[in-house]
Amino acid sequence: MGNDSKPSKQIKINNWRIIAIDEILQSGKPYTASQLAKLIGDHGNTEKSDFSPRTIQRDLEYMRDTLLAPIESDYRGYRYTEPNFFVKSIPLTEGEAFSVAILNPLLEQYRNTPLENQLRSVFQKIVNCLPEHVTVDTSFLNPNITFIPDRTETIDPTFFQTIFDSLKNHCTISFEYRPLQKTTFMERQIDPYHVVCQRGNWYVMGKCHERNDIRIFSFSRMKNIKILKDKFGIPNDFKPSDYFDVEMGVWLSDRTPLNVELLVDKEIGTYALNRIWHSEQTVEERDDGSIYVNFQTTQKREIVRWVLGQGHTVKVLGPQKLVEEIRAELKSSLEKYN
């Protein structure tokens, strides 16, 4: 990332101050560093060290030497010598420029969705706004950093715009849907209330006319989506968080949270100690090296899926109905191999 400014100065530069100074100097009037410091302080910034006269002087030097701002100073203070000049972009530190550079490969998780092109367009506009002497080179990331996104399901790109339009305009949608347990499609109509993206897979939540209740539908298992003329209103007491756990998943399995207790074998004890299972979790290391984990969630299906994926290294201690479901799944799996 090309940047001719000295690192010691660049670290001390604050983008908010640069913009504030630029707005004041656009008046064409001269201001001393003390006057600028007071005016910026009156904007409501409570960190006085951020707008001391000495700090403002450093900012002015940075604007003049690095951003090539036409700043002139005399006994009256500092002013722009060109009436139409303004800072055309927000100056980035090296760390901030790296964050912009890393954004592009991170967008892989939105591949094959309309959001991919839109977000890449935003990324490009940010890059285009940078000063000419600052470049964001992402090529160095390719051999040195690898991103492995979650595998996503195949979704018709047109579904996104249709569903988002129905959300925006509060219009009912109709579609054909194939549930996980079925081999055929069923006709459905819903009033879409909310959209959820979980690990790259997309779901719409709304009132199902067939069941007269809130249901969640996967974009990937829909076809022939249409927006109807029927309008609806979202109930005032509707809260998405009542129907899924943002920390675990979107499956509508239990409305009442389960008190999940797990015992993780010492074989993967270090992994368990460092993992954030839930924001309100309890994690304890036992004398034998095993790890006790406790948290509450409504996502029983997610827990079953994860526990089975860990094999013999994780045991469910409670609740009993979760233990029984794990036992039933294991029995069913064994029968396939018998």
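In this text, all values refer to a predicted model and were calculated from it rather than measured experimentally. When reading the values below, keep in mind they use all heavy atoms of this one structure, side chains included, and skip hydrogens, waters and symmetry mates.
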Handout entry: Step-by-step side-chain contact (heavy atoms from CB on, under 4.5 Å) determination, Ile214 to Met205
Key = CA-CA 7 Å; Ile214 304 296; Met205 173 189 297; 3.6 Å; yes
Exercise for the section: Please answer: with hydrophobic residues joined when any side-chain heavy atoms are less than 4.5 Å apart, are Leu317 and Leu322 in the same cluster? Expected result: no
Handout entry: CD/Glu335: more than 12 non-hydrogen atoms of other groups inside 6.0 Å
Key = yes
Problem - Charged N-O contact under 4.0 Å between Glu302 and Arg305 - result: yes
Problem - Side-chain heavy atoms of Thr282 within contact of Phe295, under 4.5 Å - result: no
Fill in the blank from the handout: Here the salt bridge (Lys or Arg N to Asp or Glu O under 4.0 Å) pairs for residues 66-80, sequence neighbours left out, are Glu72-Arg79, Asp74-Arg76
Handout entry: pair Phe217-Cys208: side-chain heavy atoms closer than 4.5 Å
Key = yes
Problem - Test item: Thr313 side-chain N/O and Gln310 main-chain N/O as donor-acceptor pair under 3.5 Å - result: yes
Handout entry: hydrophobic_cluster_shared for Val316 and Val304, side chain cutoff 4.5 Å
Key = yes
Problem - For His209, all residues meeting ring-ring contact (aromatic ring centres under 6.0 Å, His included), sequence neighbours excluded - result: none
Exercise for the section: Flag the pair Leu228 / Ile173 as yes when at least one side-chain heavy-atom distance between them is below 4.5 Å, and no otherwise. Expected result: no
Problem - Cationic N near anionic O, under 4.0 Å, Arg17 to Asp59 - result: yes
Handout entry: Closest heavy-atom pair and its distance - Pro53, Ala33
Key = O-CB, 3.7 Å
Handout entry: Residue among Arg286, Glu261, Glu284 satisfying side-chain hydrogen bond (donor to acceptor under 3.5 Å, both in side chains) with Tyr292
Key = Glu261
Exercise for the section: Report, as yes or no, whether the 6.0 Å neighbourhood of atom NZ on Lys168 holds more than 12 heavy atoms from other residues, nucleotides or ligands. Expected result: no
Handout entry: Under 3.5 Å donor-acceptor, Gln35 side chain and Thr32 backbone
Key = yes
Exercise for the section: Would you check if Met63 and Ile18 make a side-chain contact, meaning some heavy-atom pair closer than 4.5 Å? Expected result: yes
Completion exercise
In short, Phe85 meets Leu68 closest at the heavy-atom pair CE1-O, 4.3 Å
Handout entry: Test log, rule side chain to side chain donor-acceptor pair (under 3.5 Å), inputs Asp265 and Ser290
Key = CA-CA 5 Å; Asp265 194 277; Ser290 62; over 6 Å; no
Practice task
Fit a plane to each ring of Tyr193 and Phe232, take the angle between them on a 0 to 90° scale, and name the class: parallel (under 30°), tilted (30 to 60°) or perpendicular (over 60°).
Solution key: tilted
Practice task
Could you state whether Leu262 and Tyr271 fall into the same hydrophobic cluster, counting links through intermediate Ile, Leu, Val, Met, Phe, Trp or Tyr residues with side-chain heavy atoms under 4.5 angstrom apart?
Solution key: yes
Handout entry: N-O pairing of Asp237 and Lys239 below 4.0 Å
Key = no
Problem - Cationic N near anionic O, under 4.0 Å, Glu176 to Arg188 - result: no
Handout entry: 4.5 Å side-chain heavy-atom contact, Val195 and Tyr203
Key = no
Problem - Side chain Ser166, main chain Ile163, donor-acceptor under 3.5 Å - result: yes
Handout entry: Cluster link Val260 to Leu273, ILVMFWY, side chain under 4.5 Å
Key = yes
Exercise for the section: For Ser333 and Glu329, indicate whether the former's side chain and the latter's backbone hold a donor-acceptor pair under 3.5 Å. Expected result: yes
Practice task
Kindly indicate whether the side chain of Ile190, heavy atoms from C-beta on, has any atom under 4.5 Å from the side chain of Arg215.
Solution key: no
Exercise for the section: Tell me whether the guanidinium CZ or amine NZ of Lys223 lies under 6.0 angstrom from the six-membered ring centre of Phe185 and within 45° of its axis. Expected result: yes
Exercise for the section: If a pair satisfies salt bridge (Lys or Arg N to Asp or Glu O under 4.0 Å) and one of its residues is in residues 269-279, list it, with sequence neighbours excluded. Expected result: none
Exercise for the section: Indicate the atoms forming the closest heavy-atom contact of Cys171 with Pro192, along with that distance. Expected result: O-CD, 3.6 Å
Problem - Within 6.0 angstrom of Asn236 CG, more than 12 heavy atoms from elsewhere - result: no
Completion exercise
Residues Gln189 and Ser174: closest non-hydrogen pair is CG-CB, 3.8 Å
Problem - Residue that, paired with Phe219, satisfies ring pair (Phe, Tyr, Trp, His ring centres under 6.0 Å) out of Tyr177, Phe159, Phe160 - result: Phe160
Exercise for the section: Check whether any side-chain heavy atom of Ile40 sits under 4.5 Å from a side-chain heavy atom of Ile21, and report yes or no. Expected result: yes
Problem - Main-chain N/O of Thr270 paired to Asn274 side chain as donor or acceptor, under 3.5 Å - result: yes
Handout entry: Polar side-chain atom of Lys229 near backbone of Thr172 as donor-acceptor pair, under 3.5 Å
Key = no
Exercise for the section: Please say whether more than 12 non-hydrogen atoms of neighbouring residues, nucleotides or ligands are located less than 6.0 Å from CD in Gln320. Expected result: yes
Practice task
List the steps, then state whether side-chain contact (heavy atoms from CB on, under 4.5 Å) holds for Ile234 with Lys207.
Solution key: CA-CA 9 Å; Ile234 299 178; Lys207 182 180 178 180; over 6 Å; no
Problem - Arg178 to Lys182 - nearest heavy-atom pair and separation - result: NE-O, 3.1 Å
Exercise for the section: State, with a plain yes or no, whether a side-chain heavy atom of Tyr31 is found less than 4.5 Å away from one of Leu25. Expected result: yes
Handout entry: Connected via hydrophobic side-chain network under 4.5 Å: Val323 and Val314
Key = yes
